[in-house]
Amino acid sequence: QVQFVESGGGLVQPGGSLRLSCASSGIAFEHYAIGWFRQAPGKPRETVSCITSDFSAEYASSVKGRFTITRDNSKNTIYLQMNSLKPEDTAVYFCGLGCSEFLAPNSWGPGTQVTVSS
């Protein structure tokens, strides 16, 4: 069974930073692209970033330059370093298979809440 679990969310002020972690199991992790996704109330789910098996990174235009995705295959874990956070980044953040929010949402973990507010 493919499983993902997110951690590292919390409440931060605008301009602050946060690092999310996503631990996986039940998968040959190093062979897959893994993505970070988010969903805010009243808004559709979206892809934030993903990282491929060859360590190529992709970012949504809204986060490019502020967020950095990395992966550690030895730990079956991906990370999302989020800097210069904005209130519009407030959402539940998920990780899961692939680079599209439409591909495999059923693979997503339970999510971690990120709230950016003063």
Side-chain angles (χ1 to χ4, degrees):
Q1 180 73 33
V2 177
Q3 290 186 317
F4 296 92
V5 58
E6 305 88 347
S7 62
L11 174 64
V12 297
Q13 293 187 343
S17 296
L18 212 56
R19 191 177 82 149
L20 306 183
S21 298
C22 169
S24 68
S25 62
I27 186 176
F29 178 84
E30 67 273 20
H31 297 309
Y32 290 87
I34 310 294
W36 282 102
F37 313 91
R38 68 185 181 188
Q39 187 161 32
K43 301 187 71 175
R45 64 184 188 269
E46 63 176 327
T47 301
V48 178
S49 180
C50 73
I51 185 163
T52 67
S53 60
D54 64 356
F55 296 84
S56 177
E58 301 175 6
Y59 300 94
S61 61
S62 59
V63 307
K64 192 173 183 65
R66 300 188 296 120
F67 292 9
T68 302
I69 189 171
T70 56
R71 69 189 297 163
D72 185 342
N73 289 342
S74 71
K75 297 180 179 179
N76 293 338
T77 300
I78 65 167
Y79 306 92
L80 186 68
Q81 178 65 47
M82 305 186 295
N83 298 325
S84 301
L85 283 162
K86 304 175 180 180
E88 49 263 47
D89 294 318
T90 296
V92 179
Y93 284 70
F94 306 90
C95 63
L97 292 171
C99 295
S100 170
E101 67 268 30
F102 303 107
L103 177 63
N106 288 338
S107 76
W108 298 1
T112 186
Q113 176 72 48
V114 172
T115 302
V116 184
S117 177
S118 59

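The chain is numbered in sequence order, starting from 1.
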Same cluster or not: are [X] and [Y] linked, directly or through other Ile, Leu, Val, Met, Phe, Trp or Tyr residues, by side-chain heavy atoms under 4.5 angstrom apart?
X	Y	answer
V48	Y32	yes
I78	M82	yes
L97	I51	yes
V5	V2	no

Quick check with a 6.0 Å cut-off and a 45 degree axis cone: is R71 positioned over the face of F29's six-membered ring?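 The answer is yes, since R71 meets both limits relative to F29.
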So how far is it from [X] [atom1] to [Y] [atom2], rounded to the nearest 0.5 Å?
X	Y	atom1	atom2	result
W36	L20	CH2	CG	4.5 Å
S24	K75	OG	NZ	13.0 Å
S62	F67	OG	CZ	7.5 Å
S53	N73	OG	CG	8.5 Å
K43	T90	NZ	OG1	10.0 Å
E46	F102	CD	CZ	10.5 Å

Closest non-hydrogen atom pair, [X] against [Y]:
X	Y	answer
R45	E101	NE-O, 3.0 Å
S84	R66	O-NH1, 3.0 Å
F4	C95	CB-SG, 3.7 Å
S17	N83	OG-OD1, 2.9 Å
F94	G109	CD2-O, 3.2 Å
L85	V12	CD1-CG2, 3.5 Å

For residues 110-118, tabulate all N or O donor-acceptor pairs below 3.5 Å that involve a side-chain atom, not counting sequence neighbours.
unit_1, atom_1, unit_2, atom_2, d
T112, OG1, G9, N, 3.0
Q113, NE2, A91, O, 3.4
Q113, NE2, T115, OG1, 3.3

Say whether, by atom type as modelled, one donor and one acceptor occur between the side chain of [X] and the main chain of [Y] under 3.5 angstrom.
X	Y	result
T77	D72	no
E58	C50	no
Y59	I69	yes

Less than 3.5 Å apart, any donor N or O on the side chain of D54 or T52 sitting next to an acceptor on the other?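 Judged by distance alone, the side chains do pair up.
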Find out whether Y93 and E6 are in side-chain contact, i.e. whether some heavy atom of one side chain is under 4.5 Å from a heavy atom of the other.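 Sidechains of E6 and Y93: no contact.
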With sequence neighbours excluded, tell me which residues meet ring-ring contact (aromatic ring centres under 6.0 Å, His included) with F37.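 Checked F37 against ring-ring contact (aromatic ring centres under 6.0 Å, His included); matches are W108.
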Check the pair L80 / T68 against side-chain contact (heavy atoms from CB on, under 4.5 Å), numbers first and verdict last. CA-CA 6 Å; L80 186 68; T68 302; over 6 Å; no
